[in-house]
**Student:** 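Encoded as structure tokens, here's the structure I'll be asking about.
Computed over heavy atoms, backbone and side chain alike; hydrogens, waters and symmetry mates excluded. Just so we're clear, the structure is a prediction, and the values are computed from it rather than from any experiment.
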Amino acid sequence: VYKTLGLPWIPPELREDRGEIEAAIEGALPNLITPEQVVGDLQSHSTWSDGKASILEMAQAAREHGYEYLAITDHSRSLGVARGLTIERLKEQRQEIAEAQRILGDDIHLLHGTEVEVLADGSLDFPDDVLAEQDIVVASIHSSLRQPRERITERMLAAIRNPHVDVIGHPSGRIIGRRDPSDLDMERIFQASAEAGVALEINAHPDRLDLKDVHAHRAMELGCLLSINTDAHRPEHFAVRIYGVAVARRAWLTAENVINTWPLERLRRWLKARG
């Protein structure tokens, strides 16, 4: 049908009757992101919390999958089920990351971060001075996911407005086939994220795929940055990057919309400017 209409080839991911034909007629189809353009992963876990491999093993696996940088973002203290790190253990972990970096050399670069829990009242699991010491902060909700719409939305907005938060992890909290998304006002979440310059995650794990495509597209329309992360808990999980990219392509995203397509130095400048 596209050839009959004299249109350029439209990528299969865009064939959803969401304006792709009009965009093709106008010559405005996006140059969709590809897996190879995602050169870093900004959420991963090690045996320090609920991961199944050491920091060095995770970094080696990420390197084998073509990543140029990897953020180690083990869970924070309140998530006991995931063996969340205390402040003391978080500081100790930095030494192991430094040792892993020494062994790895310049083959891949490690960032020391945290996946900090957004508590039920909207506060974060670590104080600001601790968050300020991290290379990157991913804020996520794992508990009290069934709070009323206004309450859980305000809880998420509080995290977005914290100047030390860089990325919101798996924003809706859904687990496909097992848990419905939280009743968030996504429009307010996207607007606040765009204003604060916080990136929203497309979690590539096939159980999550969160943000989903229509939400990622709307976030892009409102000027949000996004990040495609595997949320890897074991070395083989880095392979799921392709599923996150597939969601991003359905959302019409280009590499410029996604912060972990950026070279490391550009990412570091962005993180430093955020505080």
Side-chain angles (χ1 to χ4, degrees), residues 30-45 59 62-63 65-73 108-116 131-132 134-140 156 159-172 186 189-205 208-213 215-232 238 240-275:
N31 186 17
L32 296 179
I33 189 171
T34 66
E36 296 74 21
Q37 290 176 306
V38 179
V39 296
D41 197 317
L42 301 181
Q43 188 186 167
S44 71
H45 302 268
R63 178 183 60 188
H65 281 86
Y67 286 109
E68 297 176 10
Y69 50 87
L70 173 69
I72 303 296
T73 56
I108 186 170
H109 296 273
L110 299 180
L111 301 173
H112 187 203
T114 178
E115 184 179 12
V116 65
L131 297 177
Q134 302 308 113
D135 296 327
I136 186 167
V137 174
V138 178
S140 303
M156 182 69 83
I160 290 168
R161 291 166 181 152
N162 185 293
H164 300 294
V165 170
D166 305 303
V167 179
I168 298 296
H170 43 72
S172 83
M186 299 306 289
I189 298 300
F190 299 153
Q191 290 172 349
S193 297
E195 291 170 4
V198 171
L200 297 172
E201 180 181 73
I202 297 176
N203 190 295
H205 195 287
R208 289 190 181 273
L209 302 180
D210 177 16
L211 294 168
K212 62 182 180 180
D213 59 341
H215 281 160
H217 181 77
R218 181 57 178 158
M220 175 194 68
E221 286 183 327
L222 292 176
C224 295
L225 294 168
L226 294 108
S227 179
I228 301 172
N229 303 319
T230 64
D231 197 359
F238 292 114
V240 307
R241 167 175 49 182
I242 59 173
Y243 302 121
V245 173
V247 171
R249 288 174 65 87
R250 285 168 57 88
W252 297 51
L253 298 190
T254 70
E256 190 59 26
N257 303 127
V258 178
I259 63 172
N260 50 323
T261 66
W262 299 348
L264 177 61
E265 288 310 310
R266 179 180 177 185
L267 178 70
R268 280 180 165 159
R269 288 196 301 271
W270 180 77
L271 291 169
K272 184 176 181 180
R274 294 194 50 72

**Student:** Has Arg241 got a side-chain atom pairing as donor or acceptor with His65's backbone, closer than 3.5 angstrom?
**Tutor:**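 Yes; judged by distance alone, with no hydrogens or angles, the pair exists.
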**Student:** From Lys212 NZ over to Met186 CE, what is the distance, rounded to the nearest 0.5 angstrom?
**Tutor:**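 Interatomic distance, Lys212 NZ to Met186 CE, rounded to 0.5 Å: 8.5 Å.
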**Student:** Quick one: does any side-chain atom of Thr73 pair with a main-chain N or O of Ser44 as donor and acceptor, under 3.5 Å?
**Tutor:**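 Yes: the side chain of Thr73 pairs with the backbone of Ser44.
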**Student:** Step by step, would you call Thr254 with Asn31 a side-chain hydrogen bond (donor to acceptor under 3.5 Å, both in side chains)?
**Tutor:** CA-CA 6 Å; Thr254 70; Asn31 186 17; over 6 Å; no
**Student:** Any non-hydrogen side-chain atom of Arg269 less than 4.5 Å from a side-chain atom of Glu265?
**Tutor:**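 Side-chain contact under 4.5 Å: yes.
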**Student:** Taking all non-hydrogen atoms of both residues into account, name the closest pair between Ala204 and Tyr243 and its distance.
**Tutor:**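 Heavy atoms only, the tightest pair is O-CB, 3.5 Å.
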**Student:** Look up atom NE2 in His217 and atom CD in Glu221, then write down how far apart they are to the nearest 0.5 Å.
**Tutor:**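 The distance works out to 3.5 Å.
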**Student:** Shortest non-hydrogen contact from Ala216 to Leu253?
**Tutor:**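 For Ala216 versus Leu253, the nearest heavy atoms are O-CD2, 4.1 Å.
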**Student:** Is Val38 close to Tyr67 at the side-chain level, that is, under 4.5 Å between some pair of heavy atoms?
**Tutor:**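 A side-chain contact under 4.5 Å exists here.
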**Student:** Taking the inter-plane angle between the rings of His215 and Phe190 on a 0 to 90° scale, is it parallel (under 30°), tilted (30 to 60°) or perpendicular (over 60°)?
**Tutor:**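 Judged by the thresholds at 30° and 60°, the geometry between His215 and Phe190 is perpendicular.
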**Student:** Looking only at non-hydrogen atoms, find the nearest pair between Leu225 and Gly197 and report the distance.
**Tutor:**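 It is CD1-O, 4.3 Å.
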**Student:** Using side-chain heavy atoms (C-beta onward) and a distance below 4.5 Å, is Thr34 in contact with Val245?
**Tutor:**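 They are not in contact (no side-chain heavy atoms under 4.5 Å apart), so the answer is no.
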**Student:** About how many Å separate CD1 of Ile228 and CZ of Arg249, when rounded to the nearest 0.5 Å?
**Tutor:**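 Separation between the atoms: 10.5 Å.
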**Student:** Going through the checks in order, is the side chain to side chain contact (heavy atoms under 4.5 Å, CB included) test met by Ile136 and Leu267?
**Tutor:** CA-CA 10 Å; Ile136 186 167; Leu267 178 70; 5.7 Å; no
**Student:** State which residues pass side-chain hydrogen bond (donor to acceptor under 3.5 Å, both in side chains) with Ser140; sequence neighbours excluded, sorted by chain then number.
**Tutor:**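 side-chain hydrogen bond (donor to acceptor under 3.5 Å, both in side chains) list for Ser140, sorted by chain: Glu115.
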**Student:** Can you name the nearest heavy-atom pair linking Gln134 to Gly113, along with the distance?
**Tutor:**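 Shortest heavy-atom contact: NE2-O, 3.5 Å.
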**Student:** Minimum heavy-atom separation for Ile108 and Ala59, please, with both atom names.
**Tutor:**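 What the structure gives for the nearest pair is CD1-O, 3.8 Å.
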**Student:** At what distance, to the nearest 0.5 angstrom, does CG of Leu110 lie from OH of Tyr69?
**Tutor:**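 Atom-to-atom, Leu110:CG and Tyr69:OH are 13.0 Å apart.
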**Student:** For Val198, which residues count as a side chain to side chain contact (heavy atoms under 4.5 Å, CB included) partner, sequence neighbours excluded?
**Tutor:**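 Once residues adjacent in sequence are excluded, the partners of Val198 under the side chain to side chain contact (heavy atoms under 4.5 Å, CB included) criterion are Ile160, Val165, Ile168, Ala196, Arg274.
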**Student:** How far does CG of Leu222 sit from CD of Glu195, to the nearest 0.5 angstrom?
**Tutor:**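 Going from the CG atom of Leu222 to the CD atom of Glu195 covers 10.0 Å.
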**Student:** What's the spacing between Ile202 CD1 and Asp210 CG if we round to 0.5 Å?
**Tutor:**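 Rounded to the nearest 0.5 Å, the CD1-CG separation comes out at 9.5 Å.
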**Student:** Under 3.5 Å, is there a donor-acceptor pair between the side chain of Asn229 and the main chain of Leu42?
**Tutor:**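 Looks like yes, one N/O pair under 3.5 Å.
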**Student:** Please answer whether the main-chain N or O of His170 pairs with a side-chain N or O of Arg208 as donor and acceptor at a distance below 3.5 Å.
**Tutor:**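 Between the backbone of His170 and the side chain of Arg208 there is no qualifying donor-acceptor contact (under 3.5 Å).
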**Student:** If you look at every heavy atom in Ala139 and Ala159, which pair is closest and at what distance?
**Tutor:**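 That would be CB-CB, 4.4 Å.
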**Student:** Taking the side chain as C-beta and beyond, is there a heavy-atom pair between Leu211 and Leu226 under 4.5 Å?
**Tutor:**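 Yes. Closest side-chain heavy atoms under 4.5 Å.
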**Student:** For Glu201, is there any backbone N or O sitting under 3.5 Å from a side-chain donor or acceptor partner on Ser227?
**Tutor:**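 No: the side chain of Ser227 does not pair with the backbone of Glu201.
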**Student:** Is there a side-chain contact between His109 and Glu68 in this structure, where contact means two heavy atoms from C-beta onward sitting under 4.5 Å apart?
**Tutor:**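 Answer no - side chains too far apart.
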**Student:** Taking only residues at least two apart or on different chains, which pairs with a member in residues 252-264 satisfy salt bridge (Lys or Arg N to Asp or Glu O under 4.0 Å)?
**Tutor:**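 Those involving residues 252-264 are Glu256-Arg266.
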**Student:** Quick check against the 3.5 Å criterion: does Asp41 have a side-chain atom that pairs as donor or acceptor with the backbone of Thr230?
**Tutor:**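 It does hold such a pair.
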**Student:** Would you check if Asn257 and Ile33 make a side-chain contact, meaning some heavy-atom pair closer than 4.5 Å?
**Tutor:**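 Answer no - side chains too far apart.
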